[in-house]
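See structure below.
This structure is a prediction, so every number in the text was calculated from the model and none was measured.
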Amino acid sequence: MQIITTPVALDQALAAEREAQKTIGLVPTMGALHAGHASLVSRSVSENDVTVVSVFVNPTQFNDKRDLDSYPRNLEADCALLESLGADIVFAPTVEAAYPEPDTRQFSYPPIDTVMEGGKRPGHFNGVCQIVSKLFLWTRPDRAYFGEKDFQQIAVIRAMVADQGFQLELRPCPIVREESGLAMSSRNALLTADERKTATNIYATLQASKDFAKEHTVAETHDFVVSTLNAINGLEVEYYEIVDGITLQPISDWQETADVVGCITVYCGVRPVRLIDNIRYKG
């Protein structure tokens, strides 16, 4: 397994692979890898001749410097895991290598990127598109793999791929959960043992809301989730939206669409740690 730190070296390493017409899979990550990431890498390894995993905490997608500074980092452990999974290349650039000059490009895909995360984290998705588009240009993958925990991010990247004309397949992959049901996330490492236990209520409440929804309206289901979680010491809902799974626009009636997803962000603990999750009601 090669560890590469510059775009030029990455292009050189992939040149022979492209010449041999080998398929390339890309798994973009911000490191602090866990079993969720491992599932993406394993799928790429099984579906492609060459798998590239990027490990880069991208500063342009953070609108809170404290969040950027506290984001967990452990490149040595990440590389050990990736080698065991059969990854071929780890691309771990410095900020200077990724952004030799300020990236002034603007990406805008309303209404997909203006709701939920887009509304709460100004500039977040623009930063996501900046770095993912760079990774696509540098790697030129046949397939790129993203976890469905970041449901809205996948929708934004899909819009960006169409807009920019990238010739690749997006491969959304199911959420991987801990035994407790908590969605695996690099941010979970920031939780204490007690906070991690408290955080399991997020998915438990979403699961309960599926049965609740069978006999209640969209608005009642929304309020059930928010009030249940806010009543738990150590949890505070930032938003919960029940949306069309394609447009990501809020719905008011279960019959509006055949694809319904509930997307949530909850603050957990004293710091607090920002956790996201989602659940599918229909589709």
Spacing of [X] atom [atom1] and [Y] atom [atom2] [to the nearest 0.5 Å]:
| X | Y | atom1 | atom2 | result |
| --- | --- | --- | --- | --- |
| L190 | Y71 | CG | OH | 9.0 Å |
| S54 | K134 | OG | NZ | 13.0 Å |
| Q152 | L248 | CD | CG | 5.5 Å |
| D88 | L85 | CG | CG | 11.5 Å |
| Q130 | L135 | CD | CG | 12.0 Å |
| H34 | S39 | NE2 | OG | 8.5 Å |

- Message: Parallel, tilted or perpendicular: which one describes the rings of H216 and F212, with boundaries at 30° and 60°?
- Response: parallel

- Query: Which class fits the ring pair Y240 and H222: parallel under 30°, tilted 30 to 60°, perpendicular over 60°?
  - Reply: parallel

Linking I/L/V/M/F/W/Y whenever their side-chain heavy atoms sit closer than 4.5 Å, directly or via other members, would [X] and [Y] fall into one cluster?
| X | Y | result |
| --- | --- | --- |
| V41 | I3 | yes |
| I276 | L33 | no |
| V132 | I89 | yes |
| V90 | V57 | no |
| M30 | F146 | no |

Evaluate the side-chain proximity of [Y] to [X]: yes if any heavy-atom separation is below 4.5 Å, no if none is.
| X | Y | result |
| --- | --- | --- |
| S252 | V218 | no |
| F91 | P7 | yes |
| R177 | M184 | no |
| H124 | V128 | yes |
| Q61 | F125 | no |
| I242 | I251 | yes |
| F56 | V95 | yes |
| L26 | F136 | yes |

Within the distance-only criterion (no hydrogens, no angle test), does the side chain of [X] pair as donor or acceptor with the backbone N or O of [Y] below 3.5 angstrom?
| X | Y | value |
| --- | --- | --- |
| N74 | A77 | yes |
| E256 | D253 | yes |
| T200 | L182 | no |
| D113 | Y109 | yes |
| S185 | R187 | yes |
| E215 | A213 | no |
| K282 | T257 | yes |
| T228 | V225 | no |
| D67 | F62 | no |

Taking every non-hydrogen atom, the tightest pair across [X] and [Y]:
| X | Y | result |
| --- | --- | --- |
| D49 | K22 | OD2-CA, 3.3 Å |
| V53 | A87 | CG2-CB, 4.1 Å |
| M1 | C79 | CE-O, 3.3 Å |
| P72 | S186 | CG-O, 3.3 Å |
| F151 | G245 | CZ-O, 3.5 Å |
| I112 | T247 | CG1-O, 3.9 Å |

- Message: Under the criterion side-chain contact (heavy atoms from CB on, under 4.5 Å), I'd like the reasoning laid out for N188 against R196: C-alpha separation, chi angles, the key distance, then a yes or no.
- Response: CA-CA 7 Å; N188 292 355; R196 188 179 288 250; 3.8 Å; yes

Charged N-O contact under 4.0 Å between [X] and [Y]:
| X | Y | value |
| --- | --- | --- |
| R73 | D78 | no |
| D11 | R18 | yes |
| K197 | E195 | no |

- Message: Under the criterion side-chain contact (heavy atoms from CB on, under 4.5 Å), I'd like the reasoning laid out for D259 against V261: C-alpha separation, chi angles, the key distance, then a yes or no.
- Response: CA-CA 7 Å; D259 191 348; V261 178; 3.9 Å; yes

Do the side-chain N and O atoms of [X] and [Y] include a donor-acceptor pair separated by under 3.5 angstrom?
| X | Y | value |
| --- | --- | --- |
| Y203 | D277 | no |
| N48 | Y145 | yes |
| T60 | N58 | yes |
| S133 | R105 | yes |
| S44 | T51 | yes |
| T23 | D142 | no |
| T221 | Y281 | no |

- Message: T265 and side chain to side chain donor-acceptor pair (under 3.5 Å): which single residue from E117, R121, K120 fits?
- Response: E117

- Given side-chain contact (heavy atoms from CB on, under 4.5 Å), test D244 with V260 step by step and report yes or no. CA-CA 5 Å; D244 182 298; V260 181; over 6 Å; no

- Task: Decide side-chain contact (heavy atoms from CB on, under 4.5 Å) for E47 and R171; before the verdict, give the C-alpha distance in whole Å, the side-chain angles of both, and the deciding distance to 0.1 Å.
- Result: CA-CA 11 Å; E47 295 180 351; R171 288 280 203 264; 3.2 Å; yes

